[in-house]
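Throughout, a chain's letter reflects where its sequence line sits, starting with A, and its residues are numbered from 1. As a basis for the values below, the full set of heavy atoms in this structure was taken, side chains included, without hydrogen atoms, waters or symmetry mates. These numbers were taken from a predicted model, which means no experiment stands behind them.
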Protein chains: 2
Amino acid sequence: MAFNDLISGALTSTGQVRNEPVQARSSERIGALLDAASAVVAEVGIERLTTAMVAERANASIGTVYRYFPDRIAVLSAMSLRGFERFLRLSVEKLDAAQPTSMEAAFDSLVDAAVEMHRSEPGYTSIRLSDQIALPEVDGGSAASARIAAPLAKIFVEELGVTDEPGLVDRIDIALTVVDSLLVRAFIIDSRGDAGAIEACRRLVSTILAGSTVAA
Amino acid sequence: MAFNDLISGALTSTGQVRNEPVQARSSERIGALLDAASAVVAEVGIERLTTAMVAERANASIGTVYRYFPDRIAVLSAMSLRGFERFLRLSVEKLDAAQPTSMEAAFDSLVDAAVEMHRSEPGYTSIRLSDQIALPEVDGGSAASARIAAPLAKIFVEELGVTDEPGLVDRIDIALTVVDSLLVRAFIIDSRGDAGAIEACRRLVSTILAGSTVAA
DNA sequence: TCGTCACCGAACGGAACTCGATCATCGCGC
DNA sequence: GCGCGATGATCGAGTTCCGTTCGGTGACGA
């Protein structure tokens with residue numbers, strides 16, 4: 001459906017694996033390595049993750065880690081990218097199911113997707129959208145939210161009949177940034193996701209989106 | 001003045017230096033080391049900061065770095081904590097000068113202080129981005145915003161005559177979280193701080209604070 | 001059965017971190 | 001003020017640990 005454009009629109013970044021896998025088992029390996037990395041990050045944090053930990057937890061040797069990733073940081077950003085991609089797919093799924101008729105309703109689906117990511121993916125709260133933790137210039141410097149904002153705006157205009165006023169992309173970007181930070185807050189307060197904090201996030205987002213383009 | 005309580009109220013965390021400095025030159029040393037760390041972070045990013053770089057830039061030996069900090073990560077979190085402390089002092093200064101009569105006005109001073117931090121402290125934006133995300137257990141896990149929210153609420157009630165309704169602390173915490181993330185966004189868009197983004201941040205905070213305790 | 005893909009783990013290099021020697025400062029008796 | 005012992009502060013070579021490489025071995029596809 002139309003919401004599907006979100007994925008292709010936002011995922012412009014190139015793959016960062018060293019050698020594209022040829023045999024089937026490779027893809028599983030990469031997945032297992034990223035799962036391991038995610039678990040390690042959740043346990044000891046980004047800074048203390050070592051490539052040896054990742055290898056051990058994935059039942060692989062260090063050499064295997066380096067077969068697929070050029071260095072430690074690449075593991076982290078691949079993990080971040082996979083999380084982002086999963087978030088997008090989940091969002092599309094929920095948008096297709098909900099068939100929202102307003103931006104507010106659409107964002108409800110996005111928040112649902114993000115909450116599910118925080119709950120199901122171990123290291124997600126630590127990494128989420130920001131993969132420029134490492135080097136400021138790693139992917140052009142713009143946050144992930146900025147990358148979805150534009151395609152989202154386009155979809156909203158085309159599908160929901162939202163009027164394409166100037167500042168729309170900005171407002172969406174702001175809403176995404178706020179969702180991101182408030183959900184992290186919700187999951188810091190309570191590792192299962194504080195219900196009140198999530199609810200507050202939803203309400204605030206509605207306010208942001210509803211707010212007319214007042215007072216420039 | 002009364003605003004001064006903010007500092008003592010929010011800074012409960014214990015020092016993370018290895019040995020409390022006794023002689024005067026030590027404090028200067030620590031300051032120099034943190035200045036160096038901040039500059040290094042701004043230049044090469046958090047991940048690529050090495051203790052050797054910090055030592056060299058501070059005209060100290062590696063041994064001196066490890067005299068004051070147990071490990072590399074401690075340098076980063078000390079830097080983060082000092083930034084937080086400076087932000088608090090700046091805030092108090094600006095609050096004392098502005099003598100606000102409403103929460104909205106008070107938050108204007110806080111935003112001013114934060115913006116100034118981003119502008120003047122080299123690695124501040126980078127550290128704000130990751131902060132305790134990178135180091136889960138570093139300071140009890142609760143975000144910095146949660147630590148200021150309570151003392152801030154107390155001050156607002158006592159000094160500004162704000163009614164002490166339930167959820168006040170929460171709303172302040174949310175406002176602080178949003179300020180943090182939106183200012184980081186403003187400084188990612190433009191390293192000098194995108195004016196429009198900062199303005200949008202101020203407006204949104206007003207909305208959050210003004211919002212009555214509607215729809216629980 | 002051969003070529004290629006995937007995997008392993010010992011070995012290398014560099015960064016994190018230690019530790020005993022050396023220098024600076026403080027305080028105390030004179 | 002002036003030695004002078006005690007303690008703080010600094011240094012940097014040395015050690016350990018971790019990120020990364022690379023040549024050898026097993027597994028799959030044709």
Check: Under 4.0 Å between a side-chain N or O of A:Thr64 and OP1 or OP2 of C:dC8?
Finding: yes
Next item on the list: Would you mind reading off the distance between B:Phe69 atom CZ and C:dT18 atom C1', rounded to a whole angstrom?
Entry: 17 Å
Checklist line | Under-4.0 Å side-chain N/O to phosphate OP1/OP2 contact, A:Tyr66 with C:dC8 | finding: no
Check: B:Ile62 has a side chain; which of C:dA16, C:dC17, C:dC7 sits nearest to it?
Finding: C:dC17
Check: To the nearest Å, how far apart are B:Arg67 CZ and C:dC23 P?
Finding: 17 Å
Notebook entry, point to check: DNA chain D: A:Gly63 or A:Thr50, which has the more 5' nearest nucleotide?
Noted result: A:Thr50
Next item on the list: Grab the CZ-P distance between A:Arg72 and D:dC17 for me, whole Å please.
Entry: 18 Å
Margin query: Taking only side-chain N and O atoms of B:Arg29, does any of them lie within less than 4.0 angstrom of OP1 or OP2 on D:dC11?
Written below: yes
Notebook entry, point to check: Given side chains that start at C-beta, do those of B:Leu152 and B:Met103 come closer than 4.5 Å, heavy atoms only?
Noted result: no
Notebook entry, point to check: Between A:Phe69 and A:Leu34, is any pair of side-chain heavy atoms under 4.5 Å apart?
Noted result: yes
Next item on the list: Applying side chain to side chain contact (heavy atoms under 4.5 Å, CB included), run through B:Asp112 and B:Arg202 and close with a yes or a no.
Entry: CA-CA 10 Å; B:Asp112 287 343; B:Arg202 288 189 198 277; 2.7 Å; yes
Checklist line | N/O (side chain, A:Thr51) to phosphate O (OP1/OP2, D:dG19) under 4.0 Å | finding: yes
Item checked: Between C:dA6 (C1') and A:Ile30 (CD1): distance, integer Å -> 12 Å
Margin query: Looking at A:Arg185 and B:Asp180, is there a salt bridge between them, counting it only when a charged N and a carboxylate O are closer than 4.0 Å?
Written below: no
Margin query: Please check if the number of heavy atoms outside B:Glu56 that lie under 6.0 Å from its CD is greater than 12.
Written below: no
Next item on the list: Grab the CD1-C1' distance between B:Ile73 and C:dC17 for me, whole Å please.
Entry: 13 Å
Margin query: If I take atom CG in residue B:Asn59 and atom P in nucleotide D:dA9, what distance separates them, rounded to the nearest angstrom?
Written below: 19 Å
Next item on the list: Look at the side chain of B:Asp71 and decide which nucleotide, out of C:dC17, C:dG9, D:dC11, has an atom nearest to it.
Entry: C:dC17
Item checked: Euclidean distance, atom CD of residue A:Glu47 to atom C1' of D:dC18 [Å, nearest integer] -> 14 Å
Notebook entry, point to check: Once you round it to whole Å, what is the distance between P of D:dC11 and OH of B:Tyr68?
Noted result: 10 Å
